[in-house]
Amino acid sequence: MYFKFSLRYNNGELDAYYRLVESYRNEAGRVCHRTILNVGFISKQYTPEQLNHVAMLLTDRYQRRQSLFTVDDEQVLAFAESLWQRIIADKRLDIEAYSPDSRQVDADKLRHSNVREIGSEWLCHHSFEELKIAEVLSAGGFSNDQVQLAATQIISRAVYPASELKTSRWIKENSAVCELTGYDIDKITKDKLYESALRLYQLKDLLEEHLSHKTSELFDISDKIVLYDLTNTYFEGAYKQSDIARYGRSKEKRNDARLVVLALVVNIYGFIKYSCIHQGNMADSANLSAMIDELTHRTNATAPVVVIDAGIATADNLEMIRAKGYHYLCVSRSKLKDYRATPGSLTVLLETKSKRQVRLKAVTTAANTDYYLEVASQDKYSTADSMRCQFEERFEMELRKIATSLERKGGVKQLSKVHERIGRARQKYPSVQYYYDIEVTAEDGLTATAIHFFKNEDQYQKRQATLGIYFLRTSLSLTDEVVVWNVYNTIREIENTFRTLKTDLDLRPIYHKSDTGAMAHLHLGLLAYQLVNTIRFKLKAQGIHSQWSEIVRIGNTQKIITTQGTNRAGITIGVRKCSEPIESLKAIQSALLIKPRPFAKRKSVVHKPELKKIENINHQPFTPM
């Protein structure tokens, strides 16, 4: 209970008219107020502090609680007693409502309703607050309502990545995310979610720069190494009227669909520093310059090392990186031929996480002054050898088809045509054809009669000796082979980033039919990824290396539920409470240093309706139509 006042005229002057008010939650969970007593004009008799003490005494007396503080003010005690007698005389409160008997409810009439998932949403909401995203949105012109909707949408994207229509249904029927963000669940529609995504995309640069610096600040990360790579995702449908959707080489083998390219710069811990969206037919080696220019104000290192894959490491790109004052580390696009071991260097043997051996050896070449590291990998050897066997089998099958054609009636026997077929086979399998010797015999120099082929052992052995070997190239002045190897292997982190975005956060395919909608869709996924990576980074530090989909599965075991029952006083009491987390979820919450439940209990009360006698009713006869 508490006192509430409104200004009214008292003897010709404005004065505070006080009422004693009770607050409670109704069945819908909304806070309601009910006037218990009209107290009157008392501002000149009691101070605000005295009125607070009176309200505290009345509340403790009503709820039969022992007060932690004693009140010695006789004026306060007397006023509280007079108000209590008025409450009893006017029956303004059910005095038995807080008695032990009144708390007993009929177990057969207990009802459980509005069961929703809250565990995963609670993890993401904590990360959203930790990253201070709401402050950036407010500074960018978002209203409080829009900030709450944006928080709801980003968290929903992380936990349940789906279309706006499916997301709106999930929020209304499955999730308690609105109870965490404060957004009115009745306002959720697919159109509002779509508009919210577009508003978020308008603040892309502001959000990206803030998150880049915030994650480095939170976890004390120095961006001495950054990783750059590209991936693409495809559109469902024709989508002909677009400036960005183009046919290209799909990494998902969807060459029938139009693509869009997503370029990312991340640090070695997977946090995004910069992102850009390009046309789907852009080559991997294009548009690196713009990314390099952004590194100055997106990272906290003076000149980070840029780690790139072989597809991007063209001579022009490497020269451009150097010209801008940065260092690079990459896989050489071509295998070195004229090289030798660096004097004084030793061959280093390492064991990878998959228990396979890697041999490292520093080498030099007269072509340039970069540091080169020869890497011989058992895993790559096994893969390359398997592909070699497969290509050899297919190439020999093509040659046998040509030989069979020479023996079959009606087959192609014209010598020039046979050589054309052999040439096409060589063009189709260039990695193996060069160590095959092929002989064609002919009659009169016009008609082929037989074809013979065999491997050139010298060329074959040279090929075998280079399987599984590649070269790392860097502009850094390093002498430790293991350091170079470890720095390059950080590129695995950007591969994990793409995997999480595409698989766990459903970045593919794109169903939007406008360029702005498609880019807003991708940007929303990147924002959700920042929450996900923040959670996973902290969990990895505590030895929990679960994939995001597994973390969501564990989080979804925690629910929030409303239980209602009627006590002996006829008052319906509703309690909304979170379930206890299972042990695996407790471990995750403990590692993240968050409470096991977002809130312990929310209580709602439905009072018995007050029956009032209605007088002076004009009775009118009922006339049938």
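- What you find for Leu501 and Gly525 is that their closest heavy atoms are CD2-O, 3.8 Å.
- At least one donor-acceptor pair closer than 3.5 Å links the side chain of Asn267 to the backbone N or O of Gly270.
- Tyr269 OH: 12 or fewer foreign heavy atoms inside a 6.0 Å radius.
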Under 3.5 Å donor-acceptor pairs involving side-chain atoms of residues 125-137, not counting sequence neighbours:
unit_1	atom_1	unit_2	atom_2	d
His125	NE2	Leu180	O	3.3
Glu130	OE1	Lys538	NZ	3.2
Glu130	OE2	Lys538	NZ	3.2

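- With a 4.5 Å cut-off on side-chain heavy atoms, Ile36 and Ile87 count as touching.
- No side-chain heavy atom of Cys32 sits less than 4.5 Å from a side-chain heavy atom of Ser23.
- Checking side-chain atoms of Lys224 against main-chain N and O of Pro304 turns up no donor-acceptor pair under 3.5 Å.
- Interatomic distance, Ser196 OG to Asp191 CG, rounded to the nearest 0.5 Å: 12.5 Å.
- Between the side chains of Thr563 and His112, at least one donor N or O lies within less than 3.5 Å of an accepting N or O.
- Residues Thr497 and Tyr529 bring a donor and an acceptor atom of their side chains to less than 3.5 Å of each other.
- Counting only N and O atoms by type, the side chains of Ser275 and Glu208 include a donor and acceptor under 3.5 Å apart.
- When only modelled atom types and interatomic distance are considered, Arg536 and Asn533 share no side-chain donor-acceptor pair under 3.5 Å.
- For the pair Cys124 and Val159, the minimum side-chain heavy-atom distance is below 4.5 Å.
- Taking the ring centroids of Phe537 and Phe219, they lie under the 6.0 Å cut-off.
- Annotation for Glu49: atom CD does not count as buried by contact number, only 12 or fewer foreign heavy atoms lying within 6.0 Å.
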(request) Kindly indicate, with the supporting measurements, whether the criterion salt bridge (Lys or Arg N to Asp or Glu O under 4.0 Å) is fulfilled by Glu217 and Lys214. (result) CA-CA 5 Å; Glu217 175 190 321; Lys214 190 64 181 179; 3.7 Å; yes
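- The side-chain hydrogen bond (donor to acceptor under 3.5 Å, both in side chains) contacts involving residues 159-175 comprise Glu121-Ser175, where partners must be two or more places apart or lie in separate chains.
- We find the CG-CG distance between Leu207 and Leu527 to be 5.5 Å, quoted to the nearest 0.5 Å.
- Taken from OG in Ser120 to CD1 in Ile554, the straight-line distance is 9.0 Å, to the nearest 0.5 Å.
- No hydrogens or angles considered: nothing links the side chains of Ser579 and Gln558 as a donor-acceptor pair under 3.5 Å.
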(request) Under the side chain to side chain contact (heavy atoms under 4.5 Å, CB included) rule, what do Tyr274 and Ser212 come out as? Steps first, then yes or no, please. (result) CA-CA 8 Å; Tyr274 173 71; Ser212 173; over 6 Å; no
(message) Is there a side chain to side chain contact (heavy atoms under 4.5 Å, CB included) between Leu200 and Ile154? Walk through the geometry before answering.
(response) CA-CA 10 Å; Leu200 284 169; Ile154 295 171; 4.1 Å; yes
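- Between Lys204 and Leu526 the shortest side-chain heavy-atom distance does not fall below 4.5 Å.
- Residues Ile272 and Val265 form no side-chain contact, since every pair of their non-hydrogen atoms from C-beta on lies 4.5 Å or further apart.
- Considering only heavy atoms from C-beta on, His33 comes within 4.5 Å of Tyr2 through its side chain.
- Counting heavy atoms from C-beta outward, Tyr183 and Ile188 have side chains that approach closer than 4.5 Å.
- Electrostatic pairing of Glu550 and Arg553 counts as a salt bridge here, judged by a charged N lying under 4.0 Å from a carboxylate O.
- The side chain to side chain donor-acceptor pair (under 3.5 Å) check on Arg492 picks up Asn489, with sequence neighbours excluded.
- A 4.5 Å side-chain heavy-atom check between Met1 and Leu20 finds at least one atom pair inside the cut-off.
- In terms of heavy atoms, Leu57 sits closest to Val71 at CD2-CG2, 4.1 Å.
- With rounding to the nearest 0.5 Å, the separation of CG in Asp229 from CG in Leu264 is 8.5 Å.
- Judged by distance alone, the side chain of Thr500 and the main-chain N or O of Asn496 form a donor-acceptor pair under 3.5 Å.
- Side-chain contact of His53 with Tyr46: a donor-acceptor pair under 3.5 Å is absent, judged by distance alone.
- In summary, the aromatic rings of His521 and Tyr511 are positioned with their centroids too far apart to meet the 6.0 Å limit.
- Side chains of Asn10 and Arg8: no donor on one and acceptor on the other come within 3.5 Å.
- Minimum interatomic distance between Gln542 and Ala591 (heavy atoms only, all atoms of both residues): CG-CB, 3.7 Å.
- A side-chain N or O of Thr231 and one of Lys502 form a donor-acceptor pair less than 3.5 Å apart.
- Ring centers of Tyr17 and Phe41: under 6.0 Å apart, within the cut-off.
- Side-chain contact check for Gln50 and Gln75: at least one donor-acceptor pair (N or O, by modelled atom type) lies under 3.5 Å.
- Ring-plane geometry between Phe79 and Phe3 is classed as parallel, the angle between the planes falling under 30 degrees on a 0 to 90 degree scale with a further cut at 60.
- Atom OG1 in Thr233 sits 6.0 Å away from atom CG in Leu507 (nearest 0.5 Å).
- For Phe142 against Arg199, the heavy-atom pair with the smallest separation is CZ-CB, 3.6 Å.
- Between Leu193 and Gln153, the closest heavy-atom pair is O-NE2, 2.7 Å.
- A pairwise comparison of heavy atoms in Ile560 and Arg576 identifies CG2-NH2, 3.4 Å as the closest pair.
- Between Arg61 and Glu81 a salt bridge is recorded (basic side-chain N to carboxylate O distance below 4.0 Å).
- Separating the CD1 atom in Ile268 from the OG1 atom in Thr490 is a distance of 6.5 Å, to the nearest 0.5 Å.
- We find that Glu580 and Arg597 are joined by a salt bridge, their nearest charged nitrogen and carboxylate oxygen being less than 4.0 Å apart.
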